[in-house]
Asker: 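Below is one structure. I have some questions about it.
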Amino acid sequence: MLAQIPAARGGSIGADDEVAALILPDAITRDDVRRTINARFHVEHLSNDTLSLHGVALQKAGQAFLLIGGYGAGKSLTGLAMIMSMGWSPVAGDTCLVRLNDRGFFDVVGGTRAYVVRRSTIARWFPILALGEVDGERVDLAVSLPGDSGDVMSRLAGIVMVDVDGGVLGSPPIPCGEQVAANALYRASGHLLDKILDDAAADPLSLLEGSELARRRLRLVRRLASTVRCWWVRGEPSGMATAVNAIACEEDQ
């Protein structure tokens with residue numbers, strides 16, 4: 001379960017002991033434990049100017065790129081292609097923590113360790129990758145992937161919205177306007193609160209955020225969209241990975 005809980009690097013976040021206390025009912029399911037803990041971490045991170053974004057983060061040479069998109073958009077597959085053949089290292093496999101620093105820039109400061117893929121998609125796009133004899137459709141590749149740079153935080157250099165469509169040629173990267181980027185990032189920033197609990201009598205997790213933090217999240221998202229460039233890429237995973245890598249090289253110059 002810990003691999004699916006977003007953790008920050010480079011020092012712990014501050015938390016009010018009374019606010020941070022979490023009491024769970026005896027009959028709660030394992031999945032609801034994870035969902036509830038993640039929602040509370042969303043709140044604690046947000047209190048420290050840190051967004052919990054649904055996406056895959058990778059880093060190379062001190063810079064990080066964030067891949068965002070809906071479920072099944074190809075974030076993990078594109079990231080895997082970048083890791084396997086382009087020298088990138090994973091920082092976050094599903095939820096990425098992005099923090100506004102004292103200089104007004106955004107850093108990737110951690111995220112979930114798990115890097116979960118589906119066997120069927122790996123068989124299609126990475127047939128040479130041996131997954132071993134493990135039960136289940138979903139497989140966590142985290143232990144077999146190269147590690148990142150430990151407690152060293154990476155500057156967020158770019159955000160890419162990916163959309164796998166199976167096309168061989170795909171499309172060239174298209175720069176996104178600030179409003180388009182803000183809308184996509186706002187959706188990505190609330191995914192830990194959007195989960196429906198197994199307990200039908202439980203309150204919505206979104207109530208944990210409250211109006212003050214909801215306004216802070218919106219301000220951070222707008223700041224992020226205006227500070228870090230965003231692109232949209234469509235195609236098959238290796239082609240999108242090549243496009244993202246090319247963008248990163250251009251941004252590094």
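All residue numbers in this chain count up from 1 along the given sequence.
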Asker: Applying a strict under-4.5 Å side-chain criterion to I, L, V, M, F, W and Y, I'd like to know whether Leu193 and Tyr186 cluster together.
Answerer: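 Different hydrophobic clusters.
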Asker: Could you walk me through whether Val221 and Leu51 pass the side-chain contact (heavy atoms from CB on, under 4.5 Å) test, one step at a time?
Answerer: CA-CA 8 Å; Val221 163; Leu51 292 167; 4.2 Å; yes
Asker: Are Leu220 and Val108 grouped together when hydrophobic residues (ILVMFWY) are joined by side-chain heavy atoms under 4.5 angstrom apart?
Answerer: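 Per the 4.5 Å side-chain linkage, Leu220 and Val108 are co-clustered.
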Asker: Measuring from atom NE2 of His42 to atom OG of Ser206, what distance do you get when rounded to the nearest 0.5 angstrom?
Answerer: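 Taking NE2 in His42 and OG in Ser206, the distance rounds to 9.5 Å.
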Asker: Mind listing the closest non-hydrogen atom pair of Gln179 and Arg222 along with its distance?
Answerer: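 Closest pair (atom of Gln179, atom of Arg222, distance): OE1-NH1, 4.3 Å.
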Asker: Taking everything shown except Leu129 itself, do over 12 heavy atoms lie less than 6.0 Å from its CG?
Answerer: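 Yes, enclosed.
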Asker: Under a 4.0 Å N-O cut-off, is there an ion pair linking Lys195 with Asp31?
Answerer: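 Answer for the salt bridge query: no.
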Asker: For the OG atom of Ser189 and the NE2 atom of His45, what is their distance to the nearest 0.5 Å?
Answerer: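 The distance works out to 14.0 Å.
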Asker: Can you confirm whether Leu224 sits close enough to Ile159 that some side-chain heavy atom of one is under 4.5 Å from a side-chain heavy atom of the other?
Answerer: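 They are in side-chain contact.
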Asker: Heavy-atom distance under 4.5 Å between the side chains of Asp49 and Arg216, does that happen here?
Answerer: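 Asp49 vs Arg216: side chains touch.
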Asker: Ignoring hydrogens and geometry, is there a side-chain-to-backbone donor-acceptor pair from Lys75 to Gly70 under 3.5 Å?
Answerer: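 Side chain of Lys75 to backbone of Gly70: a pair is present.
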Asker: Donor-acceptor pair, Ser226 side chain versus Arg223 backbone, under 3.5 Å?
Answerer: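 Side chain of Ser226 to backbone of Arg223: a pair is present.
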Asker: Kindly work out whether a path of hydrophobic side-chain contacts (I/L/V/M/F/W/Y, heavy atoms less than 4.5 Å apart) joins Val117 to Trp88.
Answerer: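 Same cluster: Val117 reaches Trp88 through Ile, Leu, Val, Met, Phe, Trp or Tyr contacts under 4.5 Å.
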Asker: Taking the side chain as every heavy atom from C-beta outward, state whether Thr95 and Asn38 have any pair of such atoms under 4.5 Å apart.
Answerer: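 The answer is no; the side chains never approach within 4.5 Å.
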Asker: Go through Ile28 and Thr36 one step at a time and tell me if the side-chain contact (heavy atoms from CB on, under 4.5 Å) criterion holds.
Answerer: CA-CA 10 Å; Ile28 191 170; Thr36 304; 4.2 Å; yes
Asker: Start with the C-alpha distance between Leu192 and Phe41, add both sets of side-chain angles, then the distance that settles side-chain contact (heavy atoms from CB on, under 4.5 Å), and finish with yes or no.
Answerer: CA-CA 9 Å; Leu192 293 180; Phe41 268 116; 5.8 Å; no
Asker: Determine whether Asp140 and Arg113 satisfy the following criterion, salt bridge (Lys or Arg N to Asp or Glu O under 4.0 Å), listing intermediate values before the conclusion.
Answerer: CA-CA 9 Å; Asp140 186 1; Arg113 295 197 313 271; over 6 Å; no
Asker: Compare every heavy atom of Ile247 with every heavy atom of Pro173, then report the nearest pair and how far apart it is.
Answerer: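 Closest approach of Pro173 to Ile247: CB-CD1, 3.7 Å.
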Asker: What is the distance from atom CG of Leu67 to atom CG of Leu53, rounded to the nearest 0.5 Å?
Answerer: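 CG of Leu53 is found 12.0 Å from CG of Leu67.
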Asker: Give the minimum heavy-atom separation between Ile68 and Ala184, together with the two atoms involved.
Answerer: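 Looking at all heavy atoms of both residues, the shortest contact is CD1-CB, 4.0 Å.
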Asker: Give a yes or no on whether Val98 and Leu218 share a hydrophobic cluster (residues Ile, Leu, Val, Met, Phe, Trp, Tyr; joining criterion: side-chain heavy atoms under 4.5 Å apart).
Answerer: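 Yes.
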Asker: Mark yes or no for whether Tyr115, through its side chain, and Ser76, through its backbone, hold a donor-acceptor pair below 3.5 Å.
Answerer: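 Yes, Tyr115 side chain to Ser76 backbone: donor-acceptor pair under 3.5 Å.
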Asker: Nearest 0.5 Å please: distance from the SG atom of Cys176 over to the CG atom of Asn183.
Answerer: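 The distance works out to 11.0 Å.
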Asker: Quick check: do Phe126 and Leu80 have side-chain heavy atoms less than 4.5 Å from each other?
Answerer: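 In contact.
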Asker: Report yes if some heavy atom in the side chain of Asp203 is under 4.5 Å from a heavy atom in the side chain of Leu197; otherwise report no.
Answerer: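 A side-chain contact is absent here, since even the closest heavy-atom pair is not under 4.5 Å.
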Asker: Write down the atom of Gly111, the atom of Ala92, and the distance for their closest heavy-atom approach.
Answerer: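 Closest approach of Gly111 to Ala92, heavy atoms only: CA-CB, 3.8 Å.
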Asker: To the nearest 0.5 angstrom, please state how far the CG atom of Asp198 sits from the CZ atom of Arg30.
Answerer: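 It is 13.0 Å, given to the nearest 0.5 Å.
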Asker: Return the minimal non-hydrogen interatomic distance between Ser154 and Ala64, and the atom names on each side.
Answerer: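 Between these two residues, the closest heavy atoms are CB-CB, 3.8 Å.
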Asker: Does a side-chain heavy-atom distance below 4.5 Å link Ser52 with Leu97?
Answerer: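 Of all side-chain heavy-atom pairs linking Leu97 with Ser52, at least one is under 4.5 Å.
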Asker: Step by step, work out the salt bridge (Lys or Arg N to Asp or Glu O under 4.0 Å) result for Arg187 and Asp194.
Answerer: CA-CA 10 Å; Arg187 289 192 297 271; Asp194 292 339; over 6 Å; no
Asker: Kindly determine whether Val180 and Trp232 satisfy side-chain contact (heavy atoms from CB on, under 4.5 Å), including the steps that lead there.
Answerer: CA-CA 10 Å; Val180 172; Trp232 177 76; over 6 Å; no
Asker: Heavy atoms only: give me the nearest Pro237-Val164 pair and the separation to one decimal.
Answerer: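 In this case the closest contact between Pro237 and Val164 is CD-CG2, 3.9 Å.
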Asker: Does the side chain of Arg215 come within less than 4.5 Å of Arg219's, by heavy atoms?
Answerer: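 Arg219 reaches Arg215 side chain to side chain.
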Asker: OG1/Thr227 to CD/Glu178 distance, rounded to the nearest 0.5 angstrom?
Answerer: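 Here the interatomic distance stands at 8.0 Å.
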Asker: Does Phe105 belong to the same Ile/Leu/Val/Met/Phe/Trp/Tyr cluster as Phe65, with side-chain heavy atoms less than 4.5 Å apart forming each link?
Answerer: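 No, no single cluster joins them.
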Asker: Look at the aromatic rings of Tyr71 and His54 and report parallel, tilted or perpendicular, splitting at 30° and 60°.
Answerer: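 Geometry flag for His54 against Tyr71: tilted rings.
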Asker: Check whether any side-chain heavy atom of Ile122 lies under 4.5 Å from a side-chain heavy atom of Leu77, and answer yes or no.
Answerer: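 Yes. Closest side-chain heavy atoms under 4.5 Å.
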Asker: Looking only at atom types and distance, does a side-chain atom of Asn48 sit under 3.5 Å from a main-chain N or O of Thr50, one as donor and one as acceptor?
Answerer: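 Judged by distance alone, no pair lies under 3.5 Å.
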